[in-house]
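Presented below is the structure to which this report refers.
For the numbers below, each heavy atom of this structure counts, side chains included, while hydrogens, waters and symmetry mates do not. Every value quoted in this text rests on a predicted model; they were computed, and no experiment measured them.
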Amino acid sequence: MSPAAPRPSALFVCVHNAGRSQMAAAFLTHLADDQVEVRSAGSAPADSVNPAAVAAMAEAGIDITAETPKMLTTEAVQASDVVITMGCGDPCPVFPGKRYLDWQLDDPAGQGVDAVRPIRDEIEQRVRGLLAELGIPATA
């Protein structure tokens, strides 16, 4: 038997790691069914995840209430195959051999759940596209 191929890994980065990057990480975790190692982080993490993002994700059947914003580290970037910034202008350490994407998305900060829903839905579609590019079938 050949050894299993290593799981690809993705890092979602946004300044506060409280909205877009948390939703993207949750969708990837949910849809990849443990076939992708998922991280999220921010250069200036907030104290907590945006309540409107939590509510919007709950509507999609995904619970992110236990998530907490995390500080972006060089190690997290080095350990990831794909680094996705969320249109936040976040500076990321650049390493050769890493794939970098920038998803231009509206900022849900300070928005109500009605404004966050379309952002959530766009993130889900982009995550599904990323899974397709990685050759990993979405499980949901």
Side-chain angles (χ1 to χ4, degrees):
M1 258 176 26
S2 63
R7 288 188 309 166
S9 57
L11 169 65
F12 294 99
V13 178
C14 203
V15 174
H16 300 298
N17 188 220
R20 292 167 283 194
S21 54
Q22 289 283 352
M23 289 190 288
F27 270 124
L28 185 54
T29 299
H30 178 73
L31 296 170
D33 194 29
D34 209 34
Q35 296 179 78
V36 178
E37 190 175 347
V38 182
R39 299 176 184 86
S40 71
S43 57
D47 292 332
S48 61
V49 175
N50 179 336
V54 172
M57 292 302 287
E59 291 176 356
I62 300 173
D63 181 4
I64 62 170
T65 55
E67 297 302 323
T68 55
K70 293 166 274 314
M71 178 58 82
L72 177 63
T73 64
T74 300
E75 294 76 24
V77 176
Q78 284 179 309
S80 302
D81 299 313
V82 182
V83 178
I84 301 138
T85 53
M86 312 298 285
C88 319
D90 238 9
C92 254
V94 175
F95 295 98
K98 303 291 174 200
R99 182 170 171 214
Y100 293 87
L101 302 171
D102 185 50
W103 293 353
Q104 293 292 323
L105 297 161
D106 291 336
D107 188 352
Q111 303 283 339
V113 73
D114 288 343
V116 175
R117 282 186 194 108
I119 300 166
R120 173 203 64 202
D121 294 345
E122 183 173 349
I123 289 170
E124 180 182 6
Q125 291 311 307
R126 289 176 184 240
V127 167
R128 287 181 181 278
L130 177 64
L131 279 170
E133 289 173 27
L134 294 172
I136 295 170
T139 59

In this structure, SG of Cys14 is separated from CD1 of Ile84 (nearest 0.5 Å) by 12.5 Å
Is a side-chain N or O of Arg120 found less than 3.5 angstrom from the main chain of Ala56, in a donor-acceptor match? yes
Sidechain-backbone polar pair: Lys70 side chain, Pro45 backbone, donor-acceptor under 3.5 Å: no
Hey, is the main chain of Ser48 close enough, under 3.5 Å, to the side chain of Thr68 for a donor-acceptor pair? no
Output yes when a side-chain donor or acceptor of Arg99 lies under 3.5 Å from a complementary backbone atom of Val83, and no otherwise. no
Ser40 side chain vs Gln22 backbone, donor-acceptor pair below 3.5 Å: no
Check the pair Arg117, Glu59 against side chain to side chain contact (heavy atoms under 4.5 Å, CB included), reporting the backbone distance first and the verdict last. CA-CA 9 Å; Arg117 282 186 194 108; Glu59 291 176 356; 2.6 Å; yes
Output yes when Arg20 and Asp106 qualify as a salt bridge under the 4.0 Å nitrogen-oxygen rule, no when they do not. no
Salt-bridge criterion met for Glu37 and Arg39 (N-O under 4.0 Å): yes
Considering all heavy atoms of both residues, which atom of Met23 and which atom of Pro108 are nearest to each other, and what is their separation? CE-CG, 4.4 Å
Would you say Gln111's side chain and Val116's backbone share a donor-acceptor pair under 3.5 angstrom? no
If I take atom CG from residue Asp102 and atom CE from residue Met86, how far apart are they, to the nearest 0.5 angstrom? 9.0 Å
